[in-house]
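Notes follow once the structure below has been shown.
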Amino acid sequence: MTVAQEPTTSPATASVSHPLEPLTPEEIKAAVSIVKTEKALTDSFRFATVTLKEPEKQTVLSFRLGDPIARAVFMILLDNATATTYEAVVSLNERRLVAWDAIPGVQPPIMLDEFVACEAAVKACPEFQRAIAKRGITNPDLVMVDPWSAGHYGIADEVGVRLSRALCWVKANPTDNGYAHPIEGVIPVVDLNKMEVIRVEDYGVVPLPPEDGNYIPEYVKNYRQDLKPLEIVQPDGPSYAVDGHEISWQKWKVRVGFTPREGLVLYDVTYTDNGEDRPIFYRASLAEMTVPYGDPQPNHYRKNAFDVGEYGIGSLANSLKLGCDCLGVIHYFDAFITDSRGEVAQIENAVCLHEEDFGILWKHMDWRTEQTEVRRSRRLVISFIATVGNYEYGFYWYFYQDGTIQYEVKLTGMVSTGAVMPGEVPKYGTLVAPQLNAPIHQHIFNVRLDMNIDGANNSVYEVDIVPEDDEHNPYGNAFYAQSTLLPTEKAAQRLIDPMKGRYWKVVNPAKTNAMGYPTAYKLMPGENTLPLARPSASVINRATYMTQHLWVTPYSADENYPAGDYPNQHPGGAGLPQWTAADRPVEDTDIVVWYTFAHSHSPRAEDWPVMPVATIGFMLKPLNFFDENPANDVPPSVSKHSCCG
Ligand code: CO
């Protein structure tokens, strides 16, 4: 074999203009080919993850257009034959594998092609066919098998086996909504390495709920008739500009990325103030989410999906081309991931970028002169939507003209369902149709915010609005905003306190605004609650991040996922609880802020058959970051349809 002299920049990387540009299809193909060749991989290998290995933060922040770019690919592979997980790093510039390590005792996330293969294996299993026949189901083709993650329950013969505890429903016909007809009490347990059903648990026959629950046009015949068109028109185009994956919009600059695990990632967010691009955060993403169910029945007590770490929420992103997900002038970003065989999989239009009118931004009328000044608020929206089995999650970042950043999750889709006996009223759920139980559950999210307020070194304070003590409070009226520094990791494990109007501020202690206050952004909680599973529950140990709303850690390039790198079937303790045990200092240093927010979902009749959007999220608002309202320069609206022109 001869080795040709390699150029320093290989053709696969030649077109990339920035170190954080997502991998191109050519780069993915090159990396997969390099690892397949160098390790002589057989067909028993699956590619669980193929993603950009992000360069060091300093390299990115000091990058100037035209600088050489080192491109590397991080991969997680699974050998089904030996049940071994590997991590690999390929240098695209050097065109070679630079790291290859077996990672003992872990399970990579469940891959999309495993969904398909798992369903086929279950339907073909004679024991499963006998179990459904007992329930009057004779056509396995109409059965839907959702491969739920198995979690970790200390069961000896489950350790080291790549498991799914599949849950099953049946459609009345091929276009029927199968979630109306859960097959309660039958749980096929599948070894995903062998792709074999290892047992079928049967807890006794519960009749199929009798009613259908359909929502597609084929079934909904009586649409309301009084809806007239409402069109968003942007005759001169949008106000944003896109260069590769960098977006600029008014004073904002944002770079977007996309990983199979987290989906949308935002990098290097800045706001231009007096001609200077002032950094706010370096990287932000949904780092984990967990959906614990509250029903102790056999079908439900192990439902605790980690939709980021166990499934890869990015790999489940919708292609938004065919829908009506955004209105206005839209720029879409495609996402390129791989299937489990390493073939490039394109998610066309995975990320949507557009602008929205958002009511009024500010207003004042001088009552003496009756001069009224009002400004319309416009926000930039960067979003994607993922389908995880029955559920949809929309993930939205909003950027506002006054420096505010908002993160919002929209929850919709189908509630997970179970069947109960005729006449039974479930305690741990709600009947949404006869004999159809929607179990109570929580959706708990954690967003990782690599903060960068006016530079790398930041500190976090907790702020409570508190009454003055009696000694200094002659009229009893006094109250003030009390700031408390959170100097170490343990001190910075905090809960919300709505009665104190609690928020947390991330400050740059070395920078001040015109009034001498340290420049800051405040993290403002929205709806939130705590996990309701007991501390002894498996899911609390596996997702300990859920037990605090705020965590702060010193930046470390390998601390990215709050429940650890491999939460699938993990016994627990990994991630935030492990790292923060050292109680490292987090004052005036490069920090990462982790915010947990939880939505408790006691289902309603109105959530069936498809659930209207519920929202949850938080805001980051400038706090003495500017010298005055940064949106004072937003011009009055000019619109031929406007009443105020
Ligand atoms: Co829900």
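FYI, side chains are in, hydrogens and waters are out, and symmetry mates aren't considered; it's all heavy atoms of this structure. Since the model is a prediction, treat every value here as computed from it, not as a measurement. Ligands are counted one by one from 1 in listed order, and the atoms in each one are counted from 1 as well.
Protein N/O/S atoms closer than 2.8 Å to the Co ion (ligand 1): Y391 OH, H441 NE2, H443 NE2, H601 ND1.
Between Y301 and Y153, the ring-plane angle classifies as perpendicular under the 30° and 60° cut-offs.
With values rounded to the nearest 0.5 angstrom, L449 atom CG is found 6.5 Å from L523 atom CG.
At least one donor-acceptor pair under 3.5 Å links the side chain of N177 to the backbone N or O of G213. The backbone N or O of P571 lies less than 3.5 Å from a partner atom in the side chain of N541, making a donor-acceptor pair.
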### Query
Taking it one step at a time, do D202 and R135 satisfy salt bridge (Lys or Arg N to Asp or Glu O under 4.0 Å)?
CA-CA 11 Å; D202 190 335; R135 289 148 172 93; 2.7 Å; yes
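The closest side-chain heavy-atom distance from Y407 to F445 is not below 4.5 Å.
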